[in-house]
Structure formats: structure tokens, C-alpha cells
Amino acid sequence: MSHLEFAAETPACASDGVWLTCIECGETFDPFAAVRYTCDECGGLLEVRYADLPTWEDFEGRGVWRYADALPFEAGVSLPEGDTPLHEVPRMETAVGVERLRIKHEGMNPTGSFKDRGMTVGVRVAQEVGVDRLACASTGNTSAALAAYGARAGLETLVLLPKGKVAAGKVAQASLHGARILEVDGNFDTCLDIVQDLAGRGEAYLLNSLNPFRLEGQKTIGLEILEQFRREEGAYPDRVVLPVGNAGNTAALYKCFRELVESGALDEEEVPMLTGVQAEGSAPMVEAIERGWDGIERWDDVETRATAIRIGNPVNAPKALPGIRETGGTAVAVSDDAITGAQRDLAEEGVGVEPASAASVAGLRKLRDEGVVNVDERVVCLTTGHLLKDPDAAVEAGAEPEPVPGTTEGVLDHLA
Ligand SMILES: *Cc1c(COP(=O)(O)O)cnc(C)c1O
Ligand SMILES: [Zn+2]
């Protein structure tokens with residue numbers, strides 16, 4: 001894994017052993033002295049770096065902040081987040097045909113998606129740099145999480161959503177938690193372009209996954225998966241399968257694994273294969289890998305029922321593509337029907353997820369059918385958001401209500 005090495009020396013700009021490094025040119029920056037999302041020199045993505053990387057013994061407590069030694073702060077604005085279940089799904093294991101399959105259900109976070117893990121750290125950094133307005137572009141869940149964490153921190157929040165393309169539960173959350181919601185005439189990528197401009201002009205602090213601190217919080221998904229899987233299965237998983245939108249999670253998991261290898265907590269051979277899944281109508285990462293890994297070509301027209309991953313320009317691709325490649329993983333595109341099928345299968349085992357989340361399971365099934373995934377693999381599928389996020393999709397995928405008369409006899413007649 002050539003991408004693994006971290007610079008040995010702590011630069012003079014570090015603050016308490018934490019700094020930012022450009023992944024393209026290597027320039028380093030003080031992490032909190034000024035608000036900065038990308039490299040001043042070349043515009044490349046920034047990554048948070050640490051003078052000391054922790055190992056398993058250093059972790060104690062619960063939730064995201066259990067992993068404080070791997071984060072830039074000891075604590076943050078917390079609701080609290082993390083400690084999500086790693087479900088067994090024996091019927092699905094048999095149906096898909098892998099030796100061991102677990103579902104890491106991130107829909108069980110406080111606002112119902114993994115975005116909370118990023119926000120608890122991101123909003124803490126916003127407090128550190130001293131901003132008064134937070135903002136994000138969102139396919140829905142980022143706005144729900146930002147609204148809740150912003151409210152908790154007593155900060156004004158602004159969210160830009162693609163008009164008509166955000167699931168009802170997510171808008172409801174952003175609204176009730178008091179965010180100002182701007183419905184943009186355009187898709188997610190347009191919303192992000194605008195928010196980046198606003199942030200660049202100092203109008204707001206950007207909390208999309210372009211913000212490197214959010215990915216630090218999301219790293220804890222990987223730490224939890226490894227700890228839970230090892231405790232319950234006696235080994236680490238061979239593969240982690242996850243839905244890909246902006247590829248922030250893919251980037252965050254890769255960083256998690258690299259840091260563990262660097263600290264000696266994980267052997268290189270133990271690093272799980274990162275496997276991304278996109279919807280067929282929105283699959284620029286899959287296309288980039290098929291074309292030879294050199295980078296993303298933005299899709300201007302994207303469409304899928306899995307609105308959380310309806311993204312044509314995954315901003316974290318420069319971090320995520322090496323992650324998929326260096327861990328020996330791959331990426332695959334699945335149809336909306338396959339996504340709904342997987343959503344039903346998960347629901348049949350009591351695990352309620354939104355469509356984008358089910359993409360991970362649909363992708364695993366496809367890769368297993370194609371023989372890319374072997375029968376003897378230990379696999380974790382990440383389900384990113386809760387069923388109630390998108391009630392319309394759930395109603396459409398589920399059973400029809402049956403009208404009956406308002407009497408016991410009438411109900412019994414109907415059942416017979
Ligand atoms: C944000 C989100 C994704 C996409 O995650 P990325 O880190 O942007 O790839 C997938 N599923 C759900 C439910 C989400 O909210
Ligand atoms: Zn740079």
C-alpha cells in the first residue's frame with residue numbers, strides 16, 4: 001500500500017501535534033489559525049495529520065469520542081453519536097452466499113445517519129476557529145445532521161438542497177432543528193458549487209465532506225467495525241462494502257486503516273478491501289475505475305431513487321480512489337430495482353434502511369454473483385441511513401395497507 005506513508009516530521013505549523021497536509025503537493029498548514037478547506041498552493045484536498053497515532057489500548061469510553069486519541073480534540077458537541085449495531089443477518093448471508101456477513105447500521109445515529117459522526121468533530125472545529133454561521137450543500141442527511149449539531153452548539157445554520165430531490169424525513173429534520181433551508185434550482189453538485197463560493201467569501205463555515213475534519217469523525221466507523229468484528233468474530237473483516245456519494249466515507253475508512261497500519265495496530269494484510277457501490281444513474285467513480293483510475297469525469301445528469309447518492313462529482317475522489325485501489329477493492333454500479341430489492345431483504349431481517357444504504361447489499365450481491373467476492377469472505381456492509389429518512393420510498397417498497405370495515409367480524413371476514 002504505497003499511499004500509506006505519513007511524513008515522519010511534525011511541521012512547525014502544527015498545533016498541539018495536529019496539522020493539515022495537502023494530498024497533492026504536500027504543503028502543510030496550521031489547522032486552526034485560519035479557515036481553509038483546500039490547499040492555498042494548488043487547490044488540492046487537505047488531510048488532517050497527527051504527530052502521534054494511537055493504538056487499540058488508547059481507546060476508552062463510548063461512541064465517537066472513545067477514539068479521541070485519533071481525533072483533533074478530546075470532546076465535542078455530542079448528542080451522542082456512534083456505537084451503532086453490527087447486525088447479524090443469517091438469511092441474507094445464505095442468500096448472498098458469503099461465509100460471514102454483518103450489517104453496520106449507521107442509521108442508528110442520533111439524526112439517523114453516519115453524518116453525525118462527522119458533525120460532532122466538524123462543529124467542534126467551527127467553535128475553535130470562531131465562526132458564527134455554518135453551511136452545507138446536501139442530498140438531505142448532511143443538512144439534518146448539521147441542523148441538529150448547529151442547534152446544539154447555538155450556531156446559525158444554512159443548508160442548500162436540490163429542489164424536489166430530498167427525502168421528506170431529512171427536510172423535516174433540518175426544518176425543525178431550525179436551519180434556514182434554501183431550495184436550489186439545480187442538483188446537489190450545483191448546491192455544493194454555491195456553498196463553496198459562499199465559504200470562500202467568508203459568508204459561512206463549510207461542513208460538507210470537503211472539510212477534512214468531518215472525515216476525522218467518520219473515521220470512527222472503521223475503528224468501530226474493526227473492534228466489534230474482532231470481538232464477535234475473532235478476526236477482522238476481509239471486505240467493507242459501502243455506498244458512495246461524495247466518497248467521503250470511502251476516504252475516511254481508508255485513512256482509518258492507514259493510521260492503524262502506521263501505528264502498528266493493524267497489519268497491512270489485515271486491511272479490509274474497500275468496495276464502493278453507486279447507483280447506475282449516478283456512477284462516476286465506477287466509471288473512473290473502469291477507465292483506469294485516473295480521475296473523475298463529472299456527470300451533469302444524475303438520477304436514482306437512492307437520492308442520498310445522487311451525486312455526479314464526488315469531491316473526495318482523489319482520496320477515495322487510491323483507497324479502493326490500494327486495499328485491493330473495487331466499485332460497482334447497481335440498478336434502482338436491485339437497491340429496492342436489497343432494502344426489502346434487509347427489512348425482512350428487521351433492519352430498516354433508506355434506499356442509498358441498501359445499495360451496499362445490492363452491490364455485494366452483484367459482486368458475489370460475478371465471482372469478484374469469494375464465498376469464504378468475511379464481509380461488512382455499511383448501511384448509512386435509517387428507513388424513516390425516506391418514508392415515501394419505504395411505502396413504495398413495502399406492503400399495501402388493506403382497507404377493512406370497522407368491526408371485528410368484518411376484520412375476521414377479510415382475514416379469512
Ligand atoms: C451521505 C450519504 C451517503 C454518501 O456518503 P459519501 O461519504 O458522500 O460517499 C450514502 N448514504 C447515505 C444515507 C448518506 O446520507
Ligand atoms: Zn497543494
Side-chain angles (χ1 to χ4, degrees), residues 35 37-38 43-45 113 115 118-119 122 133-147 150 156-175 179-212 214-215 243-251 278-288 295-320 333 336 354-356 359 384-385 389-390 393:
V35 173
Y37 311 101
T38 51
L45 295 175
S113 86
K115 300 296 196 304
M119 287 307 170
R133 189 200 265 160
L134 311 175
C136 70
S138 179
T139 59
N141 284 328
T142 302
S143 70
L146 181 65
E156 185 189 342
T157 61
L158 187 63
V159 306
L160 278 76
L161 306 179
K163 187 164 186 272
K165 295 293 180 186
V166 179
K170 307 174 188 181
V171 182
Q173 288 177 291
S175 169
R180 282 188 75 177
I181 304 173
L182 307 184
E183 278 193 332
V184 176
D185 181 15
N187 61 26
F188 168 83
D189 304 292
T190 312
C191 296
L192 185 57
D193 291 342
I194 297 171
V195 173
Q196 274 184 257
D197 280 342
L198 292 177
R201 295 179 195 194
E203 292 289 334
Y205 185 69
L206 176 97
L207 275 164
N208 280 97
S209 57
L210 189 64
N211 184 319
R214 250 195 56 193
L215 301 188
V244 174
N246 267 314
N249 258 344
T250 315
Q278 296 194 297
E280 279 172 357
S282 176
M285 285 275 285
V286 176
E287 185 188 71
I296 294 287
E297 254 174 55
R298 179 175 180 148
W299 287 26
D300 286 323
D301 293 309
V302 283
E303 203 46 85
T304 168
R305 190 178 296 156
T307 50
I309 52 172
R310 188 175 169 276
I311 291 172
N313 186 31
V315 293
N316 285 298
K319 291 177 172 175
D336 278 9
E354 67 167 284
T384 39
K389 289 284 193 172
D390 192 343

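Around the CG atom of Asp197, the shell of radius 6.0 Å holds more than 12 heavy atoms that belong to other residues, nucleotides or ligands.
Ionic pairing of Arg305 and Glu354 is not present here: no N-O contact between side-chain nitrogen and carboxylate oxygen is shorter than 4.0 angstrom.
Nearest heavy atom pair, residue Ala288 against residue Gly295, reads CB-O, 3.3 Å. Between Ala251 and Ala320 the shortest heavy-atom distance is N-CB, 4.1 Å. Listed here is the closest heavy atom pair of Asp336 and Ala279: OD1-CB, 4.2 Å. Taking every heavy atom of both residues into account, Gly43 and Thr38 meet most closely at O-CB, 3.7 Å. Considering all non-hydrogen atoms of both residues, Val302 and Gly312 come closest at CG1-CA, 3.6 Å. Looking at every heavy atom in both residues, Pro314 comes nearest to Gly245 through CB-O, 3.3 Å.
For Ser209, the side-chain hydrogen bond (donor to acceptor under 3.5 Å, both in side chains) partners at least two apart in sequence or on another chain are Asn316. Scanning for side-chain contact (heavy atoms from CB on, under 4.5 Å) contacts around Glu303 gives Lys165, Arg310, with sequence neighbours left out. With sequence neighbours left out, the side-chain hydrogen bond (donor to acceptor under 3.5 Å, both in side chains) criterion links Gln173 to Lys389.
The closest side-chain donor-acceptor pair between Asn211 and Tyr205 falls under 3.5 angstrom. For the residue pair Thr190 / Asn187, a side-chain donor-acceptor distance below 3.5 Å is found, with atom types taken as modelled.
From Ile311, atom CD1 reaches atom OG1 of Thr304 across 11.0 Å, with rounding to the nearest 0.5 Å. Here the CG atom belonging to Leu134 is positioned 5.5 Å from the CG atom belonging to Leu207, to the nearest 0.5 angstrom. Put simply, CG on Leu206 and SG on Cys136 are 8.5 Å apart, with the number rounded to the nearest 0.5 Å. Interatomic distance, Leu160 CG to Leu198 CG, rounded to the nearest 0.5 Å: 6.5 Å. Going from atom CG of Asn313 over to atom CZ of Phe188 covers 9.0 Å, rounded to the nearest 0.5 Å.
Annotation: side chain of Val315 is in contact with side chain of Leu192 (closest heavy-atom distance under 4.5 Å). Leu161 is listed as a side-chain neighbour of Ser138, based on a closest heavy-atom distance under 4.5 Å. Side-chain contact between Glu287 and Trp299 is present, with heavy atoms from C-beta onward closer than 4.5 Å. When side chains are defined from C-beta on, Lys170 does not count as touching Ser113, because their heavy atoms never get closer than 4.5 Å. Side-chain contact between Pro284 and Ile296 is present, with heavy atoms from C-beta onward closer than 4.5 Å. Between Asp189 and Arg298, the closest side-chain pair of non-hydrogen atoms falls below 4.5 Å. A heavy-atom distance below 4.5 Å is found between the side chains of Met119 and Thr142. With a 4.5 Å cut-off on side-chain heavy atoms, Val159 and Leu182 do not count as touching.
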Take Ile194 and Val184 through the side-chain contact (heavy atoms from CB on, under 4.5 Å) test and state the conclusion after the steps.
-> CA-CA 10 Å; Ile194 297 171; Val184 176; 4.1 Å; yes

Please step through side-chain contact (heavy atoms from CB on, under 4.5 Å) for the pair Leu215 and Lys319, ending with a clear verdict.
-> CA-CA 11 Å; Leu215 301 188; Lys319 291 177 172 175; 3.8 Å; yes

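In terms of modelled atom types and a separation under 3.5 Å, the side chain of Gln278 and the main chain of Met285 share a donor-acceptor contact. In this structure, the side chain of Ser282 engages the main chain of Ile309 through a donor-acceptor pair within 3.5 Å.
A side-chain contact (heavy atoms from CB on, under 4.5 Å) with Leu146 is found for one member of Thr157, Asn208, Leu158 and no other, namely Thr157.
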